[in-house]
Participant: 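First the structure, then my questions, so here it is.
Both counts, for ligands and for their atoms, begin at 1 and track the order of listing.
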Amino acid sequence: MNYFSLNNKQLKVTFEEAVIQGLAPDKGLYFPETIPTLPQSFFDEIENFSNEEIAFEVIQPFVGDEIPALELKQIIAETLCFDFPCVTVEENVFSLELYHGPTMAFKDVGARFMSRCLGYFNREKDQKNTVLVATSGDTGGAVASGFLGVKGVEVVILYPSGKVSDIQERQLTTLGQNIKALEVDGVFDDCQDMVKKAFLDDSLNHKNLTSANSINIARWLPQMFYFFFAYKQLKKFKKPLIVSCPSGNFGNICAGILAKKLGLPIYHFVASTNVNDTVPQFLVNGIYEAKASVPTISNAMDVGNPSNFVRIQEMYNHNLEEFKKDFTSYSYTDDETRFAMKNIYTNSGYIAEPHGAVGYLGLKKEMQNQPDSIGVFLETAHPIKFLDVVEPVLNVTLPIPTQIESVLDKEKVRTQIKTYEELKHFLES
Ligand SMILES: *Cc1c(COP(=O)(O)O)cnc(C)c1O
């Protein structure tokens with residue numbers, strides 16, 4: 001499969017090149033040249049397939065012959081080494097829990113898949129790739145864990161000093177080996193700006209820098225699996241399925257829409273956001289206006305200019321009316337989010353963290369338009385990752401899961417930096 005740059009369809013590369021580069025040289029996002037469709041028999045039989053078998057069918061056409069089937073199956077097995085249960089929250093309302101992986105964030109799947117693809121492509125090379133990533137919290141931990149020990153890859157993670165939780169900081173700073181953490185004296189946007197500057201800096205070309213956020217196709221595409229796993233578990237209800245994704249950079253929901261294009265019978269998508277409402281506003285007035293991000297309690301979604309939205313528009317040929325048939329977007333305040341968390345807990349005993357609660361709110365609203373539907377919201381992080389919000393709002397004490405316990409007693413190792421020059425110096429040393 002080839003990929004073209006969304007800035008210039010003539011600019012085509014292979015899967016391997018797209019994964020290694022991250023972003024096209026003209027700064028466009030890569031997009032698959034053709035979108036395959038899966039046979040009806042696959043959907044008829046889906047409940048008889050294992051998650052690994054489903055994932056192989058879904059991703060194989062996007063990889064083509066660039067990774068042999070046996071190796072690809074191995075990569076998938078290592079990527080999906082945990083469960084993705086659909087849990088009943090209320091009648092006809094389910095939570096798809098994507099947080100049972102090593103860092104308890106849904107980004108584990110994309111990070112593990114991408115790291116292993118890079119490892120495969122580097123298997124016989126002497127060169128090194130440097131994965132440079134800015135994080136406001138969850139991405140860093142998933143990337144650190146996913147890339148740990150992968151051959152030929154150095155990982156450098158920038159995080160804003162004092163702005164990530166203690167657990168998140170430990171997940172980035174305690175692993176050692178090929179994972180290096182930089183504590184930046186600034187906010188998330190400063191980290192992001194430094195990373196962007198490094199990608200544009202020709203004097204760093206020899207470091208083979210690449211990104212590990214959902215811009216990279218190897219992080220974006222495997223997120224399709226979740227939607228197939230949800231369908232596999234909910235198909236038996238034989239009702240139109242509505243899926244609500246708590247959305248920030250819109251990578252996850254964009255993968256869901258791609259899954260629908262492959263033939264997955266999803267009736268409707270809801271992109272649920274916090275007050276960073278660039279996309280909900282766009283659907284109302286047709287004007288896409290990037291904004292500065294506003295901090296919220298669902299901080300992994302504090303994005304004012306979602307990078308994957310252009311991919312979604314590409315899938316609908318930039319036709320807003322067509323797009324609106326499949327897609328709705330609603331935005332919620334922190335107070336509404338806290339209120340939903342309390343309601344869910346009181347009514348069903350289910351503990352949702354702020355991102356999942358935003359997803360729940362958007363789902364419930366959309367289900368009113370389609371009374372005979374069933375709905376699922378994606379629960380993108382374990383409540384323990386946002387314990388400073390969950391515990392006081394619900395008045396509970398959360399037990400610490402083993403994945404988190406294992407990093408709590410390790411020593412944090414990081415380098416403090418303040419300027420781009422210091423980042424550059426670090427990369428060159
Ligand atoms: C990254 C993240 C999101 C948003 O996902 P996008 O693909 O960027 O829309 C939602 N919830 C959590 C917990 C996240 O870490």
Participant: Between Phe84 and Phe82, is the ring centroid distance below 6.0 Å?
Facilitator: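 They qualify: ring centres under 6.0 Å apart.
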Participant: Checking the N or O distance criterion of under 3.5 Å, is ligand 1 in contact with Gly251?
Facilitator: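 Min N/O separation from ligand 1 is below 3.5 Å for Gly251.
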Participant: With a 3.5 Å cut-off and no angle check, do the side chains of Tyr3 and Glu33 form a donor-acceptor pair?
Facilitator: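 Short answer, no.
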Participant: Which bit of Asn252 is near ligand 1, meaning a heavy atom under 4.0 Å away: side chain, backbone, both or neither?
Facilitator: both
Participant: Do Tyr30 and Gln21 have side-chain N/O donor and acceptor atoms under 3.5 Å apart?
Facilitator: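 Yes, a side-chain donor-acceptor pair sits under 3.5 Å.
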Participant: Any idea how Phe309 and Phe250 line up, ring-wise: parallel (<30°), tilted (30 to 60°), or perpendicular (>60°)?
Facilitator: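 Because their plane-to-plane angle is over 60°, the rings of Phe309 and Phe250 count as perpendicular.
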Participant: Between ligand 1 and Met301, is the shortest N or O to N or O distance under 3.5 Å?
Facilitator: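 No.
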Participant: Looking only at protein heavy atoms, which one is nearest to atom 12 (C) of ligand 1, and how far off is it?
Facilitator: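 Here the nearest protein heavy atom works out to Thr380 OG1, 3.3 Å.
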Participant: Heavy-atom contact check, 4.0 Å cutoff: does Ser247 meet ligand 1?
Facilitator: yes
Participant: Give a yes/no verdict on whether any heavy atom in Pro246 is under 4.0 Å from an atom of ligand 1.
Facilitator: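 A heavy atom of Pro246 does come that close to ligand 1.
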Participant: Give the atom numbers and elements of ligand 1 that come within less than 4.0 Å of a heavy atom of Ala300.
Facilitator: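 Within the 4.0 Å cut-off of Ala300, ligand 1 contributes 2 (C), 12 (C), 14 (C), 15 (O).
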Participant: List ligand 1 atoms under 4.0 Å from Asp138, heavy atoms only on the residue side.
Facilitator: 13 (C), 15 (O)
Participant: Are the side chain of Asn319 and the backbone N or O of Glu322 linked by a donor-acceptor pair below 3.5 Å?
Facilitator: yes
Participant: Flag this pair as yes if the NZ/CZ of Lys365 is under 6.0 angstrom from the six-membered ring centre of Tyr330 and inside a 45 degree cone about the axis; otherwise no.
Facilitator: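 So Lys365 does make the cation-pi contact.
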Participant: Backbone, side chain, both or neither: what part of Gln223 comes under 4.0 angstrom of ligand 1, heavy atoms only?
Facilitator: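 The answer is neither; Gln223 stays 4.0 Å or more away.
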Participant: Give the residue and atom name of whichever protein heavy atom lies nearest to atom 8 (O) of ligand 1, and the separation in Å to one decimal.
Facilitator: Asn249 N, 2.8 Å
Participant: In terms of the angle between their ring planes, are Tyr226 and Phe106 parallel, tilted or perpendicular, with boundaries placed at 30° and 60°?
Facilitator: perpendicular
Participant: Among all protein heavy atoms, pick the one closest to atom 1 (C) of ligand 1 and tell me residue, atom and distance.
Facilitator: Lys107 NZ, 1.4 Å
Participant: Side chains of Gln74 and Glu78: do they bring a donor and an acceptor to under 3.5 Å?
Facilitator: yes
Participant: Assert yes or no for the condition that the ring centre distance of Tyr360 to Phe377 is strictly below 6.0 Å.
Facilitator: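 Under 6.0 Å, so yes.
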Participant: Taking the minimum heavy-atom distance to atom 5 (O) of ligand 1, which of Phe309, Phe106, Tyr99 ranks first?
Facilitator: Phe106
Participant: Any idea which atoms of ligand 1 are less than 4.0 Å away from a heavy-atom of Ala381?
Facilitator: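 Counting from 1, the qualifying ligand atoms are 13 (C).
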